[in-house]
There are 2 protein chains.
Amino acid sequence: MAAAKTARGRIAPLPEEDSLSLGERAYRQLRDAIVEGLLPAGRKISERSLAIDLGISAQPVREALRRLEQDGMVITLPRRGTMVAEVSPVRLAELGRIRAALEGVATALAAERMDDAALAVLAAILKRMQAGTEAHDVDALAEANAEFHALIHQATGNPFLIRSLGSLQAYDHLGRRRAVGSTPRDFPKALAEHRGIVAALKKRDPALAEARMRQHILRSLVTNGVLPPQSPRKGHAP
Amino acid sequence: MAAAKTARGRIAPLPEEDSLSLGERAYRQLRDAIVEGLLPAGRKISERSLAIDLGISAQPVREALRRLEQDGMVITLPRRGTMVAEVSPVRLAELGRIRAALEGVATALAAERMDDAALAVLAAILKRMQAGTEAHDVDALAEANAEFHALIHQATGNPFLIRSLGSLQAYDHLGRRRAVGSTPRDFPKALAEHRGIVAALKKRDPALAEARMRQHILRSLVTNGVLPPQSPRKGHAP
DNA sequence: CATGGACAACTGCCATAGCAGTTGGCAGCT
DNA sequence: AGCTGCCAACTGCTATGGCAGTTGTCCATG
């Protein structure tokens, strides 16, 4: 997981892993450890012992645990202890639907204010996606996909949205890890959906871009087994 | 949650105000102070001086500021200072649309798992709303409205959703405070929308409930001047 | 008068220490 | 054996102090 090594370096949300605050580093380490499965659900986490393991004080650790609690990845009973939260399949499905909705509004906002330069970067990412799809390069596709969505998030310029989607994306990784066996071959479909999203962005059509992005996320969750097939129909007229 | 006194001074926190951690209390106090306008945008906040003002240590204050930063209400430049963030009308509109989307998902989830008891409580709240509308009791309507939405949030059982909507609701209060002059007379319309939402919940129709709730929030934002009229049409087919 | 540099007064950040409440287990009694 | 009560070892939480980086001010210098 190298720092965002994009061509232009436009997005650089990971500045210098060294100069980050200890609390921030502890937060990311713990978050990664949880989504990687190194810290299974129910595992007790002590501020002190964890601080000793990380070689730092208890304060940054506490700060990281508070943020993780806000993300819903750990739960702490006051004066009793902190443990990593169980993320049931039901809960994972909920979070997926939440993420779909938030990615939708993010794309709608991006459609209203994305400039041509950012759109060009998106087009370049699309080309890399096509190459990766033809070559079946899973790693390259994952990286391009991450950049694709991150670019849209940044285009909104909304910190709340960026932060929330960052937290939810961690759960997405957790969901992919649970997807048993080989990943389904949905790469061509995902490529087509990404193209449709970019087309909507270029047309400056927020509603269309939102609908396509949301549907893209939902379908992706379905093929990953996070959501059951045949989601409820959309298009209700108020 | 009975202890909502709705007096002039403090908004009563949900659990007993005494047994909360100092960090939690500091967080709520600061949040309320910001949305009430006591701490204007750009105002510098020092961990130490604020700790002295609150009569506590600097750690809980720091913890509260971190949470507020995650909510987007303050921004802190490392080693330079923390100040309350400027919430421009544009940003307020973004947050409103985000809230509309999240309230929509929450209502969809609630439609799938809300039990009859909760539905009965909703019906009771509707009756209070009708009485409040006829009597033009603004305070009673506000309280009933808060309970209405809080009940739906709780029905989802999703901590992430509950927490996020709680933060966004603070911005809603801020938006209402900016609404100049007397509040527009949208009470009958809001009542009808609430009834439509409850009807969709009773029919266990997640998509319909979501659409109605989202439209309700968006229209409310429009009448409050947070969003411009004539939002982009919905109903795009992917 | 204008300009540059150093010192003092901040700031956020972290480490240490100690508090109060909770838990688990062992001794002592029935 | 089975139960009760207490004590030590935890836990999260808060207070205090000090660190390094930033900023603003004041004096010396061109």
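Throughout, protein chains are lettered first and strands after them, A, B, ... in sequence-line order, and every chain is numbered starting at 1.
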- Query: Quick one: do the B:Glu103 and B:His153 side chains pair a donor with an acceptor below 3.5 Å?
  - Reply: yes

- Message: Is a donor from one side chain sitting under 3.5 angstrom from an acceptor on the other, for B:Tyr27 and B:Asp32?
- Response: no

Ignoring the backbone of [X], work out which of [options] is nearest its side chain.
X       : options                : value
A:Gln59 : C:dT16, D:dC13, C:dG12 : C:dT16
B:Ser57 : D:dT14, C:dT23, D:dA15 : D:dA15
A:Arg80 : C:dG12, D:dG12, C:dT22 : C:dT22
B:Leu22 : D:dC13, C:dA15, D:dA15 : D:dA15

Take atom [atom1] of [X] and atom [atom2] of [N], then tell me their distance rounded to the nearest Å.
X       : N      : atom1 : atom2 : value
B:Leu54 : D:dA15 : CG    : C1'   : 15 Å
A:Leu65 : D:dT11 : CG    : P     : 12 Å
A:Ile75 : D:dG12 : CD1   : P     : 13 Å
B:Leu20 : D:dG12 : CG    : P     : 18 Å
B:Leu77 : C:dT11 : CG    : P     : 14 Å
A:Arg62 : C:dC19 : CZ    : C1'   : 13 Å
B:Arg25 : D:dC13 : CZ    : P     : 13 Å
A:Arg66 : D:dC13 : CZ    : C1'   : 9 Å

- Item | Under 3.5 Å: donor-acceptor pair, side chain of A:Arg128, backbone of A:Ala123 | no

- Message: Just verifying a value: how many Å separate A:Glu69 CD and A:Thr82 OG1, rounded to the nearest 0.5 Å?
- Response: 7.0 Å

- Message: To the nearest 0.5 Å, what is the distance between CD on B:Gln169 and OG on B:Ser164?
- Response: 12.0 Å

- Message: Any donor-acceptor pair, under 3.5 Å, between the side chain of B:Arg79 and the base of D:dG21, if you only look at N and O atoms?
- Response: no

- Task: Would you please confirm or rule out a distance under 4.0 Å between OP1 or OP2 of D:dG12 and any side-chain N or O of B:Ser21?
- Result: no

- Positions of residues 39-53 of chain A (non-hydrogen atom under 4.0 Å from DNA chain D), listed by number: A:Ile45, A:Ser46, A:Glu47, A:Arg48

- Message: Using heavy-atom distances to pick each residue's nearest nucleotide on DNA chain C, tell me which of A:Ala58 and A:Pro78 is more 5'.
- Response: A:Ala58

- So, do B:Met73 and B:Tyr171 sit near enough that their side-chain heavy atoms are less than 4.5 Å apart? yes

- Does the side chain of A:Leu126 come within less than 4.5 Å of A:His194's, by heavy atoms? yes

